[in-house]
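For reference, the structure is listed below as structure tokens.
For ligands, and for the atoms within them, numbers begin at 1 and follow the listed sequence.
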Amino acid sequence: MADTRPGRSCPRHYRYARAVFARAADLKAQSLYVVGGLYGNRFALEAVLAMVRREGAALVFNGDFNWFNVDPEGFRALNETVLRHPALRGNVETELAGEDAGGGCGCGYPEWVGDAEVERSNRILERLRETARGFPDLRVRLGSLPMHLVAEIAGLRIAIVHGDAESLAGWQFSQEALSARPERARALLAGSGVDVFACTHTCLPVMQEFDAPRGKALIVNNGAAGMPNFRGTRFGLATRIAGTPSAQALYGARLGAAVVEAVPLRYDHEAWLAEFDRAWPAGSPAALSYRKRIASGPGYEVEQAVRTGARKGAFSRAA
Ligand SMILES: [Fe+2]
């Protein structure tokens, strides 16, 4: 039976058919950065905008660009900047735009995330929604963002989503589900007719290769752009898809004529931590759930994220 508690449920309006990806590309580019899970980190936003500018790349924000940014002026500035670019709504933006207390944070948390953490996420969302109420125009814009986008890069068809192939808050493309149920992800890839799913939402990065009808296919989850993703690190990650490799990439894989890479977003760690502490002091729900990770990364290693094997074209650099 489906779990309908706030923060656990996956609302019906979050869902879409995988057939939606069988369409002409919405965007074509030589290189593209997909930035998910910025979580209100304006310093990470500055870092990625500088990289994109230097390279002349396209940029898509695939949701959850809001989370810790409860300061009204910070909320306004970050959203106005992000919304100058193509963007998808994540569960955070969707729940911010609405007043549905029953959805909680809209995360659709699976069973391996504890009740206390889900409860804290619901409280973070409530506080952020309080800030968002001061900006009704922004709320309308966030609520009207699309849930998916199709890009074409170097001949590859890329589905950009927040969660997975069927839901904005789906967890099928989490590193946990890709370990436990790779056959499910393979079926979703085969049914969608794309070469790459670029996703986020589940907070830990993964790049996993599959055999698919069109040859190799990849699921690439950038984890978080605005928080560290690996033990002992202080940088976020973005997904880069391009015809030529980046010298910055931490790891990546070749797919046809393209490279799909995880690129570090090296933001001002001290400034971000100080800003976070001001907004979310010790004992607050965000401090309890996230401060340790922001300070020194989660208990997760690069080697766990890279699942492209020792195949030709795969590479990884030490963090
Ligand atoms: Fe999310």
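Proximity of a side-chain donor or acceptor of H201 to a complementary backbone N or O of F173 within less than 3.5 Å is not detected.
The Fe ion (ligand 1) has an N, O or S atom of H162 inside 2.8 Å of it.
For F197 and F21, the distance between ring centers is under 6.0 angstrom.
Nearest N, O or S atom of H201 to the Fe ion (ligand 1): atom ND1.
Vertex the Fe ion (ligand 1); arms to N91 OD1 and D64 OD2; angle rounded to 10 degrees, 100°.
In this structure, CH2 on W112 lies 3.5 Å from OG on S174, to the nearest 0.5 angstrom.
Inspection of the N221 and Q175 side chains reveals no N or O donor paired with an N or O acceptor under 3.5 Å.
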